[in-house]
Amino acid sequence: MVVSTDHVPPVSSPLGPFQAAVKRAFDLIAAGGGLLVLSPLFAVVAIAVKLDSRGPVFFRQQRVGKNFRPFEMYKFRTMVVDAPKLGGQLTVSGDPRVTKTGRIFRKLKIDELPQLINVVLGDMSLVGPRPEVARYVEQKHDEYREVLSVRPGITDLASVKYRDESGILATAEDPEAAYVNQILPDKLAISRQYIREASLWLDLKIILQTLLRIAS
């Protein structure tokens, strides 16, 4: 599914020109440096992915970005090939589609690291509302107008709160309904709050919170 942009006028960014320029410069420096420093880890993870199961190293999926523009988001592959066709787009704890190495990479959030490439390309920011697939964006189209006035991010306050989202969904009688009716609306509310309070200082606090949650 592709979200139409024909009837969606761009929403002005809540950040002023100077703040936006500083945020973008920070993203480029941090993401570029991160890719350079983490390149040995990328090589090890790539080998592990290939040895664990057949298929590509990277999982690429279309997400909806700033002003509803689609882009391809990169992750290390943590599931069997064609996993979305085998069981939908949501993942719950104990999902049999997740590979052995995939469970480790997901727990440590290592699978998210290739999104640094998306940051360098300008599709994403280090901090911002998590990018969603078109299916869910279309269902909450009006709510996403404000959320998609900024670049989506690798992490945000909702990511910190819902770090164990797959575990929460595993306890739901209907994971799809639980996500659409409970988790997603809360994520959107958190994203709107972030946008209204956005600053480089807040971004640094969110990055620190994310690292602490991963380490805990």
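Treat the numbers as computed from the prediction; the structure is a model and nothing was measured.
Sorted by first and then second residue, the ring pair (Phe, Tyr, Trp, His ring centres under 6.0 Å) pairs with a member in residues 69-96 read F42-F76, F58-F76; sequence neighbours excluded. Applying the ring pair (Phe, Tyr, Trp, His ring centres under 6.0 Å) rule to pairs touching residues 82-104 yields nothing, sequence neighbours excluded. Annotation: ring pair (Phe, Tyr, Trp, His ring centres under 6.0 Å) contacts involving residues 107-134, sequence neighbours excluded, are absent. Applying the ring pair (Phe, Tyr, Trp, His ring centres under 6.0 Å) test to every pair with at least one member in residues 155-192, sequence neighbours left out, gives these pairs: Y136-Y179.
Residues forming a salt bridge (Lys or Arg N to Asp or Glu O under 4.0 Å) with E176 (at least two apart in sequence, or on another chain): R135. Partners of R97 according to the side-chain hydrogen bond (donor to acceptor under 3.5 Å, both in side chains) rule, which considers only residues two or more places apart in sequence or in another chain, are D95. Applying the side-chain hydrogen bond (donor to acceptor under 3.5 Å, both in side chains) criterion to K205, with sequence neighbours excluded, gives no partner residue. Not counting sequence neighbours, the partners of T155 by the side-chain contact (heavy atoms from CB on, under 4.5 Å) test are V127, S159, I206, T210. Under the salt bridge (Lys or Arg N to Asp or Glu O under 4.0 Å) criterion, R130 pairs with E112, not counting sequence neighbours. Residues meeting the side-chain contact (heavy atoms from CB on, under 4.5 Å) test with R163, sequence neighbours left out: K109, R213, I214. For R60, the salt bridge (Lys or Arg N to Asp or Glu O under 4.0 Å) partners two or more places apart in sequence, or in a different chain, are E72.
Checking D111 against T78 by side-chain atom types alone, no donor-acceptor pair falls below 3.5 Å. No side-chain N or O of S149 forms a donor-acceptor pair with one of K66 less than 3.5 Å apart.
Looking at F105 and K75, their side chains never come closer than 4.5 Å, going by heavy atoms from C-beta outward. The side-chain heavy atoms of D186 and Q182, taken from C-beta on, include no pair separated by under 4.5 Å. Contact annotation: the side chain of S191 approaches that of V147 to within less than 4.5 Å [non-hydrogen atoms, C-beta and beyond]. Between I47 and V57, every side-chain heavy-atom pair lies at or beyond the 4.5 Å cut-off.
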For residues 164-173, which side-chain donor-acceptor pairs fall under 3.5 Å, sequence neighbours excluded?
unit_1	atom_1	unit_2	atom_2	d
D164	OD1	G167	N	3.4
E165	OE1	K187	NZ	2.5
T171	OG1	I168	O	2.7

